[in-house]
Amino acid sequence: MKREFATTSAATLLFGALLVGATFVACGEDEEPPRGMEQIQKEEGAPVSFETIERRPFVKYLTFYASLAGVQESTVASSISEQVESVRFAVGDYVRKGQTVVRFPKDSPSMRYEQVKAAYELAEKNYERMKALLEAGETSQANFDAAQTQFVAAKDNFESVKQLLFVESPI
């Protein structure tokens with residue numbers, strides 16, 4: 001056992017001596033001190049770039065974030081909640097007052113377009129008949145007034161349904 005201890009301490013001594021020797025060798029070298037900017041410019045010259053002076057346009061680009069709006073804007077909504085049949089304009093198109101922008105289907109069960117249209121056409125025919133009969137003296141003023149009232153009511157109903165199904169531009 002004493003022999004193993006002696007071998008271990010000899011190896012430790014040898015390793016320690018190598019470490020101390022390497023330290024002296026590494027620290028013993030003289031390094032060149034770092035060069036300053038003035039010294040580099042004296043040895044290699046000053047870094048300079050040049051450009052020939054000439055006329056050219058001056059361009060400057062500016063970027064701004066903004067919200068743009070039209071001179072006149074309007075929002076229109078329909079009071080019915082049906083599937084849209086068609087949209088006649090795209091974003092940015094010019095739309096005139098009274099042009100139909102959005103169309104809903106005429107066969108919508110909630111609107112009964114065809115029934116209201118038929119009632120309007122029938123009331124208009126009755127009104128025209130009563131007007132001719134009144135002028136000929138064949139009917140009373142009361143009958144004509146009743147036909148006229150039905151015609152006006154049917155016309156208003158038809159116009160209301162048309163406004164709901166065909167959304168027009170207000171401006």
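If you read the sequence from its start, that first residue is 1, and numbering goes on from there. Values below: all heavy atoms of this structure, side chains included; hydrogens, waters and symmetry mates excluded.
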State yes or no: are the ring centers of Tyr113 and Phe158 separated by less than 6.0 Å? yes
In this structure, CG of Asp93 is separated from CD of Gln99 (nearest 0.5 Å) by 10.0 Å
Decide side-chain contact (heavy atoms from CB on, under 4.5 Å) for Leu165 and Arg103; before the verdict, give the C-alpha distance in whole Å, the side-chain angles of both, and the deciding distance to 0.1 Å. CA-CA 6 Å; Leu165 291 179; Arg103 288 179 54 138; over 6 Å; no
May I have all residue pairs that pass salt bridge (Lys or Arg N to Asp or Glu O under 4.0 Å) and include part of residues 42-61, sequence neighbours excluded? Arg35-Glu43, Arg35-Glu44, Glu51-Arg56
What's the shortest heavy-atom distance between Ala154 and Ala119, and which atoms? CB-O, 4.0 Å
Flag yes if more than 12 heavy atoms outside Leu62 fall under 6.0 Å of its CG atom; otherwise flag no. yes
All side chain to side chain contact (heavy atoms under 4.5 Å, CB included) counterparts of Leu134, not counting sequence neighbours: Thr139, Gln141, Phe144
Applying side-chain hydrogen bond (donor to acceptor under 3.5 Å, both in side chains) as the test, list every pair that has at least one member in residues 153-171; sequence neighbours left out. none
Among Glu124, Glu128, Arg129, find the residue that satisfies the side chain to side chain donor-acceptor pair (under 3.5 Å) test when tested with Asn126. Arg129
Output, in order, the C-alpha distance, side-chain angles, deciding distance and verdict of side-chain contact (heavy atoms from CB on, under 4.5 Å) for Phe104 and Val84. CA-CA 5 Å; Phe104 290 97; Val84 173; 3.8 Å; yes
When rounded to the nearest 0.5 angstrom, what distance separates CZ in Phe89 from CZ in Arg96? 9.0 Å
Does Glu121 reach the main-chain N or O of Ala118 with its side chain, forming a donor-acceptor pair under 3.5 Å? no
side-chain contact (heavy atoms from CB on, under 4.5 Å) between Thr100 and Val167, intermediate numbers included: CA-CA 6 Å; Thr100 301; Val167 180; over 6 Å; no
Can Met130 and Phe151 be said to form a side-chain contact (heavy atoms from CB on, under 4.5 Å), step by step? CA-CA 11 Å; Met130 288 296 174; Phe151 171 66; over 6 Å; no
